[in-house]
Amino acid sequence: MALARGYAATDASKPLEPFTFERREPNDDDIVIDIKFSGICHSDIHQARNEWGNSSFPMVPGHEIAGIVTAVGAKVTKFKVGDRAGVGCFVNSCTHCATRDLDLEHYMPGLIATYNGFEADGVTPTYGGYSDHVVVKEGYALSIPESLPLDAAAPLLCAGITLYSPLMHWKAGPGKKVAIVGMGGLGHMGVKIGSALGAEITVLSQSLSKQEDGLKLGASHYYATKDPETFTKLAGTFDLIISTVGADMDLAPYLNLLKLDGTMVLVGVPEVPASIHAFSLIGGRRSLAGSMIGSIKETQEMLDFCGKHNIVSEIELIRMDQVNEAYERVIKSDVRYRFVIDMATL
Ligand code: NAP
Ligand code: ZN
């Protein structure tokens, strides 16, 4: 066992604080990553505050991990010491599915979350990226393209893949009109990746305060959802709507913006269940769907795509001791567009 330093939530109602814990020594198929940067996802906040009712404490959040490999096990072939490596939302999965190479391991039972989960033994907690190092099976680590700055690439490990996967699955590309709801950490990645895929991107944000950024990052149109005219003007417009909103909202007005056979995909996870009337779907044979992160294979594909198109997150780099203040600012939508912790300040 090696001692690790990090920041943890010890209780749902307490701020994060310094925390020391143990990481395993690397096995033959493990790599050790010296964590350089760790993104702050809104899911970290939902879980640190037990908003989804599934939290276990103490919790070291962080699933947008970017760093440098400092040791490799004897059987490791993908990485060598000195390589850039990332870890996203999970660190292990059902080996049955993994060996069958379904590349849908993130939807299978047996997925082991990077934090707020338990190792395969069912008792050893997993601890995330707000820490100095992580030990992970090489098959669950990602290669970060050399062309991308490591700090701004960190959020690709969750925010990037969470938007890339539904954009690919629902075939966003030339000729497709796609709306991204919420111009936050996930949303701004949807704008960048969706426009790089060739789709026509519209941002639906609460206000126009981030309009200039949205258009600069690749959106063709930008509308305020607090303006009721937005919903009359855009009725029946979109092939695909992806909602990144993690707060309670009425889905009906958004579903009405879909074309015939259009799909609205939820990636944001509000605390409370949504309620919709059947008429919101049946009139236009519309679909309401969900999507969760992406497989390891797809995450690597996304990183390579971003490397090729020079896509990273817009970030605000912070010190570790600013994490609690950053959480408050994320809740107020006061971040452009992802906080990333410089782990050298731990
Ligand atoms: P974020 O940075 O806080 O962005 C969410 C955006 O939603 C905000 O920037 C804001 O955009 C909009 N918003 C906030 N409150 C709202 C409200 N009351 N009504 C309408 N819009 C509101 O969060 P994030 O890190 O992108 O995460 C977003 C959600 O996705 C969270 O629930 C998170 O847990 C979830 N998530 C899901 C997955 C997955 O695999 N499905 C992966 C990661 C995260 P505007 O200011 O532009 O309106
Ligand atoms: Zn996340």
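It should be emphasised that the depicted structure is a prediction, and the values quoted were computed from it without experimental measurement. Indexing begins at 1, ligand by ligand and atom by atom, following the structure's order.
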Trainee: Please find out if less than 6.0 Å separates the ring center of Tyr127 from that of Phe19.
Mentor: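 Centroid distance Tyr127-Phe19: below 6.0 Å, so yes.
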
Trainee: Checking one value in my table: which N/O/S atom of His63 lies closest to the Zn ion (ligand 2)?
Mentor: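 The His63 atom nearest to the Zn ion (ligand 2), restricting to N, O or S, is NE2.
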
Trainee: Apply ring pair (Phe, Tyr, Trp, His ring centres under 6.0 Å) to Phe339 and list each qualifying residue two or more places apart in sequence or on a separate chain.
Mentor: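 By the ring pair (Phe, Tyr, Trp, His ring centres under 6.0 Å) rule, Phe339 matches no residue at all.
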
Trainee: Passes salt bridge (charged side-chain N to carboxylate O under 4.0 Å, His left out), Lys78 versus Asp83? Steps please.
Mentor: CA-CA 10 Å; Lys78 227 172 84 180; Asp83 283 353; over 6 Å; no

Trainee: Tyr254: which residues meet the ring pair (Phe, Tyr, Trp, His ring centres under 6.0 Å) condition with it, sequence neighbours left out?
Mentor: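 In terms of ring pair (Phe, Tyr, Trp, His ring centres under 6.0 Å), with neighbours along the sequence ignored, Tyr254 is linked to Phe231.
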
Trainee: For Glu146, enumerate each residue passing the salt bridge (Lys or Arg N to Asp or Glu O under 4.0 Å) test, keeping only those at least two apart in sequence or located in another chain.
Mentor: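 Listed in chain order: Arg84.
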
Trainee: Please find out if the Zn ion (ligand 2) and some N, O or S atom of Cys89 are separated by less than 2.8 Å.
Mentor: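 No, outside the cut-off.
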
Trainee: Considering only NZ, NE, NH1 and NH2 on the basic side and carboxylate oxygens on the acidic side, decide whether Lys177 and Asp239 come within less than 4.0 Å.
Mentor: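 The answer is no: the pair does not qualify as a salt bridge.
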
Trainee: Test side-chain contact (heavy atoms from CB on, under 4.5 Å) on Thr263 and Leu258 and set out the steps.
Mentor: CA-CA 7 Å; Thr263 302; Leu258 290 171; 5.6 Å; no

Trainee: What residues sit with at least one heavy atom under 4.0 Å from ligand 1?
Mentor: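 The 4.0 Å shell around ligand 1 contains Cys41, His42, Ser43, His46, Trp52, Cys158, Thr162, Gly182, Met183, Gly184, Gly185, Leu186, Ser205, Gln206, Lys210, Thr244, Val245, Gly246, Ala247, Val267, Gly268, Val269, Ser291, Met292, Ile293, Val330, Ser333, Arg338.
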
